[in-house]
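Since the model is a prediction, treat every value here as computed from it, not as a measurement.
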Amino acid sequence: MPAGLTPPQIDKLKALPFGWDVSQIRYGETGQVIVVIDNFSPNAKRLVEHSKTLIYKRMNPHYPGMQAPAPPQYLQPLFPAIGFILAHAFEQPGTMKFEACNFSYVTTPPDELSTFQRYPHYDGGSDRKIALLHYLCSPDQGGTNFYRHERTGWETVTRERDADFETARRADVQDHSLRRTGYFRESGDGYTLLKSVPAAFNRAIIYSSTTIHSGDLGEAPAFTTSPETGRLTVNSFLLPA
């Protein structure tokens, strides 16, 4: 079970000069931790303007949309505070490096999703990898859902579990693929929804990349690369340096 932040540690983060509003969510039988930070970046609007100047393309075959590199240095003033969260909430070294930092738009219509994209997933790689998802979109574009996989009973997939999870997931697809369409939003087809975190402009959530999760695309998502109407996020992954 992740250690999580104590109330005094949350108060310490709230007292920093960034204007952060910090909260913590625990969910599931394994007590997984999601740290939620509102007012995350003092330069959020400038970041959106920068995003308009970029050329987007499909960078990851598993991601259902278009991406472009984001400047990780936008997080530099926040590094000490992020390091504090990683050390105390996730028991990771406070000094981390970026595996990725990308502006991301969900642009794939529901009827064009691959089989992989129609189900919840985990991010893979190192068990120590941490995801930092920064929403630069309106709440109606949808947040992030976290799940338990019913066939295995797992809420996280570590490297040790990877092969067994892939076998179980293939069995799920055989059971459910004929009726599984569109983006995954609720419980069913082999997964139990445990926690939903809504989107909000300039909200960041930090969680372990081993957690099983999926984007919650809202009631009427706009599959565009416009920050005014689309689901713009910065998707970052951090590893111990």
Side-chain angles (χ1 to χ4, degrees), residues 34 36-38 40-41 44-45 47-72 74 98-125 129-147 169 173 176-177 180-189 191 193-207 209 211-237:
I34 307 165
V36 182
I37 308 170
D38 287 309
F40 177 65
S41 172
K45 292 182 179 180
L47 198 61
V48 171
E49 290 304 309
H50 177 69
S51 76
K52 297 177 182 179
T53 69
L54 304 176
I55 297 174
Y56 291 82
K57 62 182 181 179
R58 296 192 181 276
M59 297 173 60
N60 180 339
H62 295 316
Y63 186 79
M66 310 291 279
Q67 296 180 296
Y74 95 90
F98 282 93
E99 182 185 75
C101 184
N102 295 311
F103 288 109
S104 304
Y105 282 102
V106 174
T107 59
T108 305
D111 59 353
E112 296 180 14
L113 293 173
S114 69
T115 299
F116 177 90
Q117 292 167 344
R118 296 199 301 266
Y119 289 86
H121 65 279
Y122 64 103
D123 295 318
K129 184 164 68 175
I130 300 295
L132 193 162
L133 178 60
H134 184 191
Y135 299 104
L136 295 172
C137 59
S138 59
D140 62 330
Q141 291 303 314
T144 304
N145 292 337
F146 294 82
Y147 294 89
R169 181 155 62 179
V173 170
H176 305 297
S177 61
R180 173 76 250 158
T181 59
Y183 286 93
F184 212 103
R185 296 198 61 202
E186 299 176 349
S187 293
D189 290 346
Y191 294 84
L193 176 61
L194 300 176
K195 182 60 63 175
S196 296
V197 183
F201 182 79
N202 203 21
R203 167 176 289 172
I205 62 173
I206 303 175
Y207 54 93
S209 290
T211 59
I212 299 172
H213 60 279
S214 180
D216 179 2
L217 270 291
E219 294 295 337
F223 299 107
T224 73
T225 55
S226 164
E228 287 78 21
T229 57
R231 189 180 188 269
L232 174 61
T233 59
V234 180
N235 298 16
S236 299
F237 295 109

If you measure from [atom1] on [X] to [atom2] on [Y], what distance do you get to the nearest 0.5 Å?
X	Y	atom1	atom2	value
Ile212	Leu193	CD1	CG	12.5 Å
His50	Leu136	NE2	CG	11.5 Å
Phe146	Leu194	CZ	CG	10.5 Å
Ile205	Ile34	CD1	CD1	6.0 Å
Ile206	Ile37	CD1	CD1	4.0 Å

Return the minimal non-hydrogen interatomic distance between [X] and [Y], and the atom names on each side.
X	Y	answer
Phe40	Tyr74	CE2-OH, 4.3 Å
His134	Ser41	CE1-CB, 3.7 Å
Ala68	Met59	N-SD, 3.7 Å
Pro139	Ala200	CG-CA, 4.3 Å
Ala131	Ser209	N-OG, 3.6 Å
His213	Thr211	ND1-O, 2.8 Å

Taking side-chain contact (heavy atoms from CB on, under 4.5 Å) as the definition, give me every residue that meets it alongside [X], ordered by chain and number, with sequence neighbours left out.
X	result
Ala100	Asn102, Phe237
Thr107	Arg58, Met66, Tyr105, Thr225
Glu49	Lys52
Pro109	Asp111, Glu112

Tell me every residue that passes salt bridge (charged side-chain N to carboxylate O under 4.0 Å, His left out) with [X], counting only those two or more places apart in sequence or in another chain.
X	value
Arg231	none
Lys195	none
Arg118	none

Could you list the residues that satisfy side chain to side chain donor-acceptor pair (under 3.5 Å) with [X], not counting sequence neighbours?
X	value
Asp38	Arg203
Tyr135	Thr144
Ser187	none
Ser236	none

Quiz item: side-chain contact (heavy atoms from CB on, under 4.5 Å) between His62 and His121: does it pass, once the steps are laid out?
Solution: CA-CA 10 Å; His62 295 316; His121 65 279; over 6 Å; no

Heavy-atom side-chain proximity of [X] to [Y] below 4.5 angstrom:
X	Y	result
Leu113	Tyr119	no
Tyr207	Asp123	yes
Tyr147	Ser214	yes

Practice problem: State whether the number of non-hydrogen atoms from other residues, nucleotides or ligands found under 6.0 Å of Glu228 atom CD is greater than 12. | Solution: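 Yes, because the 6.0 Å sphere around CD of Glu228 holds more than 12 heavy atoms from other groups.
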
Quiz item: Please walk me through it: do Tyr183 and Val106 pass side-chain contact (heavy atoms from CB on, under 4.5 Å)?
Solution: CA-CA 11 Å; Tyr183 286 93; Val106 174; 3.3 Å; yes

Practice problem: Look at the side chain of Asp216 and the backbone N and O of Gly143, then say whether any donor-acceptor pair between them is shorter than 3.5 Å. | Solution: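 No; zero donor-acceptor contacts below 3.5 Å.
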
Quiz prompt | Thr233 side chain to Asn235 backbone, donor-acceptor under 3.5 Å | solution =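 Such a contact is absent between Thr233 side chain and Asn235 backbone.
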
Quiz item: Relative to each other, are the rings of Tyr191 and Phe184 parallel, tilted or perpendicular (30° and 60° limits)?
Solution: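 It falls in the perpendicular class, over 60°.
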
Quiz item: Sequence neighbours excluded, which residues qualify as ring-ring contact (aromatic ring centres under 6.0 Å, His included) partners of Tyr122?
Solution: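 Counting only residues at least two positions away or on another chain, Tyr122 forms a ring-ring contact (aromatic ring centres under 6.0 Å, His included) with Phe165.
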
